[in-house]
Number of protein chains: 2
Amino acid sequence: MFSSSKRAFSLCYFTTTTKTTTISSIVIIFLTLISYGYGQATYHYETKEFEVPLDHFNFVLNTSFKLRYLINDSYVDKQNVKSPLFFYTGNEGDIETFAKNTGFMWELAQSYRACVVFAEHRYYGKSLPFGNMTFNATQPLNYGYLSVEQVLEDFADLIQDLQEKNKYGPVIAFGGSYGGMLSAWFRMKYPHLVYGALAASAPVRQFDGLTSCDIFSRIITSIFANSFKDGTCSANIRKSWDLFKQLSASDEGKKKLNEAFVFCDAIKVEDDLNKFMDYLEDVYANLAMANYPYANDFLSPLPPYPVRQFCSYLQTLETGDKLLNAMKQAINVYFNFTGAAKCLDYKSAFDPNSIGGDAWEIQTCNQMVMPMCSTPETMFRVKEWNFKEYTENCMKKFHVKPKLNDITLRYGGKNVRDISNIIFSNGLLDPWSGGGVLQTDNEAIHIIIIPEGAHHLDLRASNPNDPRSVIQARQREKNIIGKWIEEYRW
Amino acid sequence: MFSSSKRAFSLCYFTTTTKTTTISSIVIIFLTLISYGYGQATYHYETKEFEVPLDHFNFVLNTSFKLRYLINDSYVDKQNVKSPLFFYTGNEGDIETFAKNTGFMWELAQSYRACVVFAEHRYYGKSLPFGNMTFNATQPLNYGYLSVEQVLEDFADLIQDLQEKNKYGPVIAFGGSYGGMLSAWFRMKYPHLVYGALAASAPVRQFDGLTSCDIFSRIITSIFANSFKDGTCSANIRKSWDLFKQLSASDEGKKKLNEAFVFCDAIKVEDDLNKFMDYLEDVYANLAMANYPYANDFLSPLPPYPVRQFCSYLQTLETGDKLLNAMKQAINVYFNFTGAAKCLDYKSAFDPNSIGGDAWEIQTCNQMVMPMCSTPETMFRVKEWNFKEYTENCMKKFHVKPKLNDITLRYGGKNVRDISNIIFSNGLLDPWSGGGVLQTDNEAIHIIIIPEGAHHLDLRASNPNDPRSVIQARQREKNIIGKWIEEYRW
């Protein structure tokens, strides 16, 4: 689900029992951090459109629509051997955001004289099959063509078209997070089109029966707990839920709460409080994923290592007003680091008019069912994974019945025995690493662990503040991809 | 397209310029020969149904239908380790026919104590999603869900269900001809579900740009030419077309023609003649494919090595009445070997009411576009491959626009670099071998050539008349599959 910010986007799985929020899940954020405090490179590309069938699997239906993609072939050595094609498998958002935030792919393209393509994911950005009516729940069939399989077919068609016109060498797929899942699956299912894939922070195992549903909240808790080595930060957060509930139970408490946080919409009813607490859980996840070594401008501008900054206000165990005050200062790191925000807009993420937001929620309601829960050991509110309720919410909101095991059935779950030429990279500071491929005895795939890495940090442009482990990871990725290009036979 | 015989079926691609036959292609026959003159084994199974989504790629549409499958788990060692599951990927016909004519799979199941499943292909046999309305061209969307991808998803769902209930060991897919293509593609796309595949006589390269369009007619010509070592048989056939045309040009000639062949419907107009000649081309393809070493009961009962028998009447070059008479005797081998047929029903294959026939024709009009042509060097009438005309016919008849490169784009065409655990077996006496995988430098797949084999002879039950090469092929297939079962880890 998109946040209200147009410059960044998040996929939000809300685990909530509020009445207005219907999708039971947790926050996922595909970071599109724009570094600042460090000169950001500008990437140039042409914006093009490519006509794709609405339904690749139905030959009677002849409807088509235009998929957007970005292309830059200026690095290509046109006098020499066939250049590789670096193909970003766009994920849930405007493709330009990915082009701007995948600096490593641009750097590598220059080294290997590759053509660069960023392909937009259908139903996002400007690739909406039915324009304004795309997500209209009165016409659910309009979003019936939103599935991973259709997307991969879009990409396959586009690659075929590009190859026919230009005769590139090996195609290497790149993607981060859900885009990384797509790049891995693309290589798995279309090895004849895609020679290799870099799947960065791709939680391909974040599905039922493969990974514990509390792994995401446990990793976040651990990141916050270890920020100042004594666990006070996560302990304070864990205690804060009761404090907020207590305060909101009385008029006096509510007043205190509203004054402390300067909400754009004051908390009046229980539903408001729940939305605020959902928002906070999103914030914690976002801070963990965006826990980069340099300042960045995400939902709101963030300092380097924002979790540490956040936790610096929670170094001692607090209660009552002191806890309220400490939480206020800590949360300011996220929502008002620069001091520019007038008020805390905790409702923005729930805006039903947010652009493109429905698409990801629909995907979580059809195939992308990633069970989420939190246990008492975490700093989150305790929540069970309730697939029945999840299903009911999806049916009610989108008339779509989620398929719990769909992705595992199609893409193999834990079984990675027969796949090859995929790099699975994961940062251990990334809550999504729990659902990643972290070990294998298949020598044809590559596992890269980045101890100091947050969510697909390796895909981002080089930065002087990069930790050693991400520099090494990028070097290894570069070498593997170079080897693929070298060994590829035409 | 089904023939009028319920006991056997053929997929007919008609390369014809007649006005009534609209699909431009050539005959393919998926043999379901029932051996006679040798005690045929009877196979036992339970017939079951399994509910599958009509559209596996659309989560808004919730329609489903029942897929038929046959199962026999009597060989399974229930006290011991997990038994393998032998899964026949049903092709274009009633699944019972395949169960009866895939004796090798039954024999192997006994050896390896496997559970045997034959899954019916949607839109064939009793697995019709819309009953009588399935192929109604006024409702073309009814057959919009007929595609290879939907079929593979049906099979994947069924395997998942069987595995959940029974915990089988490795799944080995089996298939012949188009069914062999499906078993190969099934392993390629779902390696986590299918551990290996035996793709017998699977022309996975019979697509545009991969194989010359005349290969099919050239191989048939070669088989007929070599039947008596001097090429007279094919030469006589090549000459016969002009003879038939000449005869049908006059009333007297037509009378002679009608009397010679004893047609059920006398040839009256040019369209009749064209249908008769189309029929003959089908007959030659059928004879080549069914050129088995023992008597068999196909469209009509056939003697052992029927091509040789056919050609025994065409050992010397003939013209005029002598050629007519020789052709009549030769064709009798096919249509009236036992003498039971009252007349030659050349129109039966064009019966628009033939059961299930439309399904294959629709498939050739959506994805399964296998270009066919015949050059003057062949014994067939010269025909060019004309995709424009082919498309027009498909549009006119089914409102479906064929996609020439669809299968190659999805399944990789000549690129078999990244696939494994597939046996591609081909008989050199089989016209479809030209589109098969006959060589590779990928050691993870197995190529088995059967010099004396017709169309997927290796899948049939053992027979005392089997040539040495098919016995050896089956032994090799057995060993490879045994190795897969042994090495499979749970």
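Scope of the values below: all heavy atoms of this structure, side chains included, with no hydrogens, waters or symmetry mates.
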Please check if atom CD in A/Glu164 has more than 12 non-hydrogen atoms from other residues, nucleotides or ligands closer than 6.0 Å.
-> yes

Any idea which of B/Asn58, B/Asn62, B/Asn415 has the most non-hydrogen atom pairs under 4.5 angstrom with chain A?
-> B/Asn58

Most heavy-atom pairs under 4.5 Å with chain B, out of A/Ser147, A/Pro140, A/Ala444, A/Ser420, belong to A/Pro140

Which of A/Gln367, A/Met188, A/Gln150 touches chain B most, by non-hydrogen pairs under 4.5 Å | A/Gln367

Name the region of B/Asp55, side chain, backbone, both or neither, that has any atom closer than 4.5 Å to a heavy atom of chain A.
-> side chain

Can any side-chain N or O of A/His192 pair as donor or acceptor with the backbone N or O of B/Leu409 at less than 3.5 Å?
-> yes

So, does B/Lys401 use its side chain to make a donor-acceptor pair with the main chain of A/Phe59 at under 3.5 Å?
-> no

Out of curiosity, A/Lys189 NZ to B/Tyr411 OH, how far, rounded to the nearest 0.5 Å?
-> 9.5 Å

If I measure from the heavy atoms of chain B, does [X] come under 4.5 Å with its side chain, its backbone, both, or neither?
X        : answer
A/Tyr143 : both
A/Asp406 : side chain
A/Leu141 : both
A/Lys403 : side chain

Side chain proximity check, B/Arg410 to A/His56, heavy atoms < 4.5 angstrom = yes

Using the side-chain contact (heavy atoms from CB on, under 4.5 Å) rule, take A/Arg187 and B/Asp418 through it: C-alpha gap first, then chi angles, then the decisive distance, then the call.
-> CA-CA 10 Å; A/Arg187 162 66 190 167; B/Asp418 292 303; 3.1 Å; yes

